[in-house]
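FYI, the numbering just counts along the sequence from 1.
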Amino acid sequence: MQGHRDGHGFVHRDDGEAAIYLPPQEMRSVMHRDRVRVRVLRIDRRGRPEGRVLDILERRRAPVIGRLLHEAGHWLVAPEDRRWGQDILVPKNAIAGAVEGQVVAVELTEPPSLHAQPVGRVVEVLGGIDDAGMEIEIAVRKFEVPHQFSPETLAQAAALPDKLRAADRRHRIDLSDVPLVTIDGEDARDFDDAVYCEPFEGRPGRGRKASSGWRLLVAIADVSHYVKPGEALDADAYERATSVYFPRRVIPMLPEKLSNGLCSLNPDVERLAMVCDMVITGDGSVDAYQFYPAVMRSHARFTYTEVAAALANTRGPEAQKHADLLPHLLHLHELFRALLKQRAQRGAMDFETTETQIVCDAEGRIEKIVPRTRNDAHRLIEEAMLAANVCAADFIAGAEHPSLYRVHEGPTPEKRAALQNYLRALGLGLHLRDEPSPLEMAGLAAATKDRPDAAQIHTMLLRSMQQAVYSPANAGHFGLAYPAYTHFTSPIRRYPDLLVHRVIKSLLGKKRYHLSLVDTVPAPPPLRKAGRLQPRPPKAATRELELWELAGLHCSANERRADEASRDVEAWLKCRYMRDRLGEEFAGTVSAVAGFGLFVTLDTLYVEGLLHITELGGEYYRFDEARQ
């Protein structure tokens, strides 16, 4: 059940067919996120199946977040998420000492019926609506983001040592003298990847000349050494599946002792790592690679800004400050240029979108929103990580071991047709084949990048592709133009990377890794794709493959949940930021068009908002979907 703020609702079917519309009168006895059984009664005038609720199978148990109000002698909670549709009555002895106007979490004690509102009791008082950080407190509860570690997890983390022990070093290659460095943003607190690059002269082989290229080491924090299957730490990490990033606050996947301590590749301390050691040829293709566990020591903690400044001026202050490490940075930069050429040849997509960064004041309010400029240092690290991820996918696929791939599929036939109509309506004589290749899509992006409406065209190209997910079925990565791709480089903040590390370690030890989620997990729901049911893997794939599929669905869903929670907080902060600017005038650019109005991004503030169709003046407007 998905409620709508206007009072109606939609039932999202388990079989992936079109959602069923519920009119407002049908919504009186059900609530947002209930599981229901419905009967389709008719097709409404908009062509939607319309239904009636026959049965409520399961009530949502999570508390509802809202503001406590006192109206006409009654206490009630107005849900912050308007999809809940109804205010919740609270008896005066169940307000838990909260004051009118405060934000509270309320648990339902009586569900709604056709003749009565839902009734609940306050279980948590969060504070005043304008308290610093309140938007994050609301979002983590609204999206049910786990934000408290279990006592068992905290105890287990506290019992871990503060530094490496002799036993930890066993069966590892000592790289502590190799000048590996971390390169991250100014505000980064956990460092899960370090890099080192040197020139490499390939020896002549059978039918092959000697070649020059590079040796690239990508060292990734060895989280799997500390987080073992079946332990409390692992259970909490799996439940979260990802760290969640908000302005000024992170809800980490692992306790701070690990994420900022033992597993973080902090400078000048020894740390355990899993290393992807690659030989890359002059044209940017990976010639050979190997994985091994190691002990390493980061020789410096660089920021992207420092590295970009050192590369831009090799005699400047930034370069001189790290003169001993500068040659390795220059080798990295040469390698990056070769990898970039290889990227263009593959046809990987590179859309020029403006990323923004919110700068907050001491109270947690927005001070300003600035464009986040990506320099060569950002892209250099990105290309090094892509290379390591591809090697990890190749290693696992070659061993035919089950694992999670990062899968990104190209346009569905419906989306391809819509994109073709859009390009035709713009008068662009660019034709798409029935199954467009990444190279073809990258060509479209390149051909339109100098047009004034480039941003909108690139948005339409992005929308035509499917969402990237985690799956045991390797279908390749369309956007990056890789036949196999996985996530290996961020095990501190992503659970799929931790699983990939465990698989690689098992393969290195000539063993198999058996995924063991809780043994009582239900069968995963069918995969939905463009409104159609996806065939399940054959039965011979056994319970284990089903577990991998379940893990993929869980990690993909929690990744989306984290994105939604982050966006919700940003939207809240932006609304508060704009509230102080009512009446001011700004220039803006139309960023999207819908049947109900225009979305406009303000040019200097980087805030997007809706200009409703009723605000466009007295004329009559028709939405031309093909031309947007």
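Neither side chain, Tyr292 nor Arg172, offers a donor N or O lying under 3.5 Å from an acceptor on the other. The closest side-chain donor-acceptor pair between Asn389 and His487, if any, does not fall under 3.5 angstrom. Between the side chains of Tyr495 and His554, no donor-acceptor pair of N or O atoms lies under 3.5 Å. A donor-acceptor pair shorter than 3.5 Å cannot be found between the side chains of Glu306 and Tyr304.
The cationic atom of Arg346 (NZ for Lys, CZ for Arg) lies less than 6.0 Å from the six-membered ring centre of Tyr482 and within 45° of the ring axis.
Between the Ser264 side chain and the Phe191 main chain, a donor and an acceptor come within less than 3.5 Å of each other. Although no hydrogens or angles enter the test, the distance criterion places no donor-acceptor pair under 3.5 Å between the side chain of Asp568 and the main chain of Ala571. Distance alone, capped at 3.5 Å, is enough to place a donor-acceptor pair between the Ser556 side chain and the Tyr470 backbone. When atom types are taken as modelled, the side chain of His408 and the backbone of Gln466 share a donor-acceptor pair closer than 3.5 angstrom. Without hydrogens or angle criteria, His477 side chain to Leu480 main chain gives a donor-acceptor distance under 3.5 Å. In this structure, the side chain of Thr486 engages the main chain of Leu404 through a donor-acceptor pair within 3.5 Å. For Arg240 (side chain) and Pro252 (main-chain N/O), a donor-acceptor pair under 3.5 Å exists by modelled atom type. The main-chain N or O of Arg561 is never found under 3.5 Å from a side-chain atom of Glu564 such that the two would form a donor-acceptor pair. In terms of modelled atom types and a separation under 3.5 Å, the side chain of Asp497 and the main chain of Thr489 share a donor-acceptor contact. Formation of a donor-acceptor pair under 3.5 Å by the Arg271 side chain with backbone atoms of Gly261 is found in this model.
Look at Lys341 and Asp283 and you find no salt bridge, because none of the NZ, NE, NH1 or NH2 atoms lies under 4.0 Å from a carboxylate O. Salt bridge Asp234/Arg502: present, at least one basic N to carboxylate O contact under 4.0 Å. Ion pairing between Arg433 and Glu440 holds under the 4.0 Å rule for side-chain N and carboxylate O. Between Arg301 and Asp184 there is no salt bridge, since no side-chain N of the basic residue sits under 4.0 Å from a carboxylate O of the acidic one. In this structure, Lys321 pairs ionically with Glu318, as a charged nitrogen and a carboxylate oxygen lie closer than 4.0 Å. Using a cutoff of 4.0 Å between basic side-chain nitrogens and carboxylate oxygens, Arg406 and Glu559 are scored as salt-bridged.
Between Leu254 and Ser259, the shortest heavy-atom distance links the atoms O-OG, 3.5 Å. Residues Gly347 and Ala442 come closest through the heavy atom pair O-CB, 3.5 Å. Nearest heavy atoms, Val218 versus Ala384: CG2-O, 3.8 Å. Minimum heavy-atom separation, Gln342 to Gly284: CG-O, 3.6 Å. Scanning both residues, Val503 and Pro402, for their nearest heavy atoms gives CG2-O, 3.9 Å. Between Met253 and Ser243, the shortest heavy-atom distance links the atoms N-OG, 3.0 Å.
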| message | Please evaluate residues Tyr513 and His401 with respect to the criterion ring-ring contact (aromatic ring centres under 6.0 Å, His included), reporting the C-alpha separation (whole Å), side-chain torsions for both, the decisive distance (0.1 Å), and the verdict. | response | CA-CA 8 Å; Tyr513 173 65; His401 192 297; 7.1 Å; no
| query | Can you list the steps and then say if Val195 with Ile381 is a side chain to side chain contact (heavy atoms under 4.5 Å, CB included)? | reply | CA-CA 8 Å; Val195 289; Ile381 287 297; 3.9 Å; yes
| task | Could you check Ser591 against Glu608 for side chain to side chain donor-acceptor pair (under 3.5 Å), going step by step and ending with a plain yes or no? | result | CA-CA 8 Å; Ser591 46; Glu608 186 186 56; 2.6 Å; yes
| Under the side chain to side chain donor-acceptor pair (under 3.5 Å) criterion, do Ser490 and Arg493 qualify, and how do the steps go? | CA-CA 6 Å; Ser490 293; Arg493 59 187 179 90; 3.3 Å; yes
| query | Checking side chain to side chain contact (heavy atoms under 4.5 Å, CB included) for the pair Ile251/Tyr245: CA distance, chi angles, key distance, verdict? | reply | CA-CA 7 Å; Ile251 294 179; Tyr245 292 86; over 6 Å; no
| side chain to side chain donor-acceptor pair (under 3.5 Å) between Asp222 and His225: does it pass, once the steps are laid out? | CA-CA 6 Å; Asp222 189 357; His225 181 82; 4.8 Å; no
| query | Where do Thr589 and Asp603 land on the side chain to side chain donor-acceptor pair (under 3.5 Å) test, with the steps shown first? | reply | CA-CA 7 Å; Thr589 304; Asp603 295 341; 2.8 Å; yes
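Remark: Arg189 CZ is loosely packed, at most 12 non-hydrogen atoms of other residues, nucleotides or ligands lying under 6.0 Å away. A 6.0 Å sphere centred on CD of Glu186 holds more than 12 heavy atoms belonging to other residues, nucleotides or ligands. Within 6.0 Å of CD in Gln320 there are more than 12 heavy atoms belonging to other residues, nucleotides or ligands.
The aromatic rings of Phe302 and His322 lie perpendicular to each other, with more than 60° between the two planes, well past the 30° mark.
Separating the CD atom in Glu400 from the CD1 atom in Ile396 is a distance of 13.0 Å, to the nearest 0.5 Å. Of the inter-residue distances, the one linking Trp214 atom CH2 with Glu334 atom CD reads 6.5 Å to the nearest 0.5 angstrom. Distance check: Leu217 CG to Tyr196 OH gives 8.0 Å after rounding to the nearest 0.5 Å. Taken to the nearest 0.5 Å, the CG atom of Leu439 stands 9.0 Å off from the CE atom of Met349. The CG atom of Leu444 lies 13.0 Å from the NZ atom of Lys449; values are rounded to the nearest 0.5 Å. Note that OG1 of Thr182 and CG of Asp190 are 11.0 Å apart. Values are rounded to the nearest 0.5 Å.
Using a 4.5 Å heavy-atom threshold, the side chains of Pro491 and Ile220 count as touching.
Residues satisfying the ring-ring contact (aromatic ring centres under 6.0 Å, His included) criterion with Tyr422, sequence neighbours excluded, are absent altogether.
A ring-centre distance under 6.0 Å is found for Phe291 and Phe395.
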